[in-house]
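For the single chain, residues carry numbers from 1 onward in sequence order.
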Amino acid sequence: MAELKVNAPEKEPKYHSMRAQHTLLTVLSMILFTLLALLVLYPLVAAFLASFRPGQELLRYGLNFNPDPRGLTLDNYIYLFTQKAVKDGEWVKIPHRYFLWYKNSLLLTVISVCCTLFFCYMVAYGLSMYDFKLRNTLFFIVIATMMVPGVILMLPMYQEIITLKLINTTAGVILPGICGASTIFFFRQFMQGLPRELLDAGRIDGANEYRICFTIMLPLTKPAFAAMAILSAMGAWNDMLWPMLVYRDASKFTLPIGLNTLLTPYGNNYDLLIAGSCFSIVPLLIVFFAFQRYFISGMTAGAVKG
């Protein structure tokens, strides 16, 4: 008997077509994101190169991407770290308060981030791990505060700080933003994905509620803490408007306020301004690289439910 041959359906052309489409999309995505990265990096690189140029050249040409090494010098950073600058062809000492502003910003940022993470975690823990009346109502009120622009709240908060006699204090700068609604929302959404069985297991083992909160549940929220630490540090470090309203003494100015005082109608110290602005990025880079292990997992938590 003649053998019947059954031809298998041809899948190779379809497979190659899908693979070609996937490769094309990958290449186009890489080109798009490379262009976006260059667009973001251009002003940073231009500012970094400008920090090595004399102030007169900045006034003449502005910020530009000109890597000519003949116009680059370390004089701006020498002035930044030693307070010595070239004037009329001689090195003279011109005092500035840059590192005092730097210290004030570091102190304010550390205290603000630690307090914000602690209190927002506690609020989110209560809203996510316990069932009680008005829980959803309270959460809705927290979310509703995100819809109000912060500028509208400036005057009421300023009057509140005056009433509490916290003007010209670090507490007056930190307290109004110590419980950010966005941070509470992020922590709450992250902890919604944690198993409730851990609470029951801890209670069966005899642990009290505080021990469950800080020794069982808190280590599981490291990605959320890392993501919020980076974002909170960026917000506290770069904030200028509210600290400028609260602080009165120049000795308490933070770095953004201090650098802003360098621009006056009587003269602009671009040498210190540009070099100081570039050096001010260092703490944020340290925070980012310290927590980058958990940052992506924290930001994408809850995106996929299993």
Go through the side-chain N and O atoms of S51 and Y77 and say whether any donor and acceptor fall under 3.5 Å apart.
yes
May I ask you to say whether D200 pairs ionically with R196, meaning some side-chain N is under 4.0 Å from a carboxylate O?
no
Could you check whether atom CZ of R211 has more than 12 heavy atoms from other residues, nucleotides or ligands sitting under 6.0 Å from it?
no
Would you say T261's side chain and G258's backbone share a donor-acceptor pair under 3.5 angstrom?
yes
R188 to F139 six-membered ring, cation-pi geometry met (6.0 Å, 45°)
yes
Using every non-hydrogen atom in the two residues, find where P256 and M240 come nearest and quote the distance to one decimal.
O-SD, 3.7 Å
Ignoring hydrogens and angles, state whether a donor on the side chain of Y125 or E209 is under 3.5 Å from an acceptor on the partner side chain.
no
Side-chain donor/acceptor of T221 to backbone N/O of A224, under 3.5 Å
no
Give a yes or no on whether the ring-centroid distance for F253 and Y247 is below 6.0 angstrom.
no
Considering all heavy atoms of both residues, which atom of M217 and which atom of P195 are nearest to each other, and what is their separation?
CE-O, 4.4 Å
Identify the two heavy atoms, one from R248 and one from N168, that lie closest to each other, and give their separation to 0.1 Å.
N-OD1, 2.9 Å
Parallel, tilted or perpendicular: which describes the rings of H96 and Y98, with under 30° parallel and over 60° perpendicular?
perpendicular
Are L285 and F288 packed together at the side-chain level, in the sense that at least one heavy-atom pair is separated by less than 4.5 angstrom?
no
Taking it one step at a time, do F132 and L127 satisfy side-chain contact (heavy atoms from CB on, under 4.5 Å)?
CA-CA 9 Å; F132 56 91; L127 292 174; 4.2 Å; yes
Could you label the plane-to-plane angle of the F279 and F99 rings as parallel, tilted or perpendicular, counting under 30° as parallel and over 60° as perpendicular?
perpendicular
Looking at T169 and L166, would you say the former's side chain and the latter's main chain have a donor-acceptor pair under 3.5 Å?
yes
Can you list the steps and then say if I111 with I174 is a side-chain contact (heavy atoms from CB on, under 4.5 Å)?
CA-CA 8 Å; I111 296 176; I174 295 175; 3.3 Å; yes
Is it the case that the ring center of Y102 lies less than 6.0 angstrom away from the ring center of W237?
yes
If we ignore hydrogens and angles and just use 3.5 Å, is the side chain of R135 paired with the main-chain N or O of Y130 as donor and acceptor?
yes
F140 atom CZ, neighbour heavy-atom count above 12 within 6.0 Å:
no
If we ignore hydrogens and angles and just use 3.5 Å, is the side chain of D271 paired with the main-chain N or O of N76 as donor and acceptor?
no
Within a 6.0 Å radius of atom CE on M234, are there more than 12 heavy atoms belonging to other residues, nucleotides or ligands?
no
Within a strict 4.5 Å, meaning less than it, do heavy atoms of the M122 and C213 side chains meet?
yes
Could you walk me through whether I212 and N208 pass the side-chain contact (heavy atoms from CB on, under 4.5 Å) test, one step at a time?
CA-CA 6 Å; I212 294 173; N208 57 32; over 6 Å; no
Closest non-hydrogen contact found for A181 with M146 is CB-CG, 3.3 Å
Is a side-chain N or O of T116 found less than 3.5 angstrom from the main chain of V113, in a donor-acceptor match?
no
Under 6.0 Å from the OH atom of Y210, do we count more than 12 heavy atoms belonging to anything else shown?
no
So which heavy atom on I161 is nearest to which on P176, and how close?
CD1-CG, 4.1 Å
Identify the heavy atoms of L80 and G276 that sit nearest to each other, and give their distance.
CD1-CA, 4.1 Å
With no hydrogens and no angle check, is any side-chain donor or acceptor of T145 less than 3.5 Å from a backbone partner on V142?
yes
Between N104 (side chain only) and S251 (backbone N and O only), is there a donor and an acceptor less than 3.5 Å apart?
yes
I'd like to know whether L117 forms a side-chain contact (heavy atoms from CB on, under 4.5 Å) with M228, so could you lay out the CA-CA distance, the side-chain angles of the two residues, the decisive distance to 0.1 Å, and finally the verdict.
CA-CA 7 Å; L117 294 180; M228 289 298 99; 3.6 Å; yes
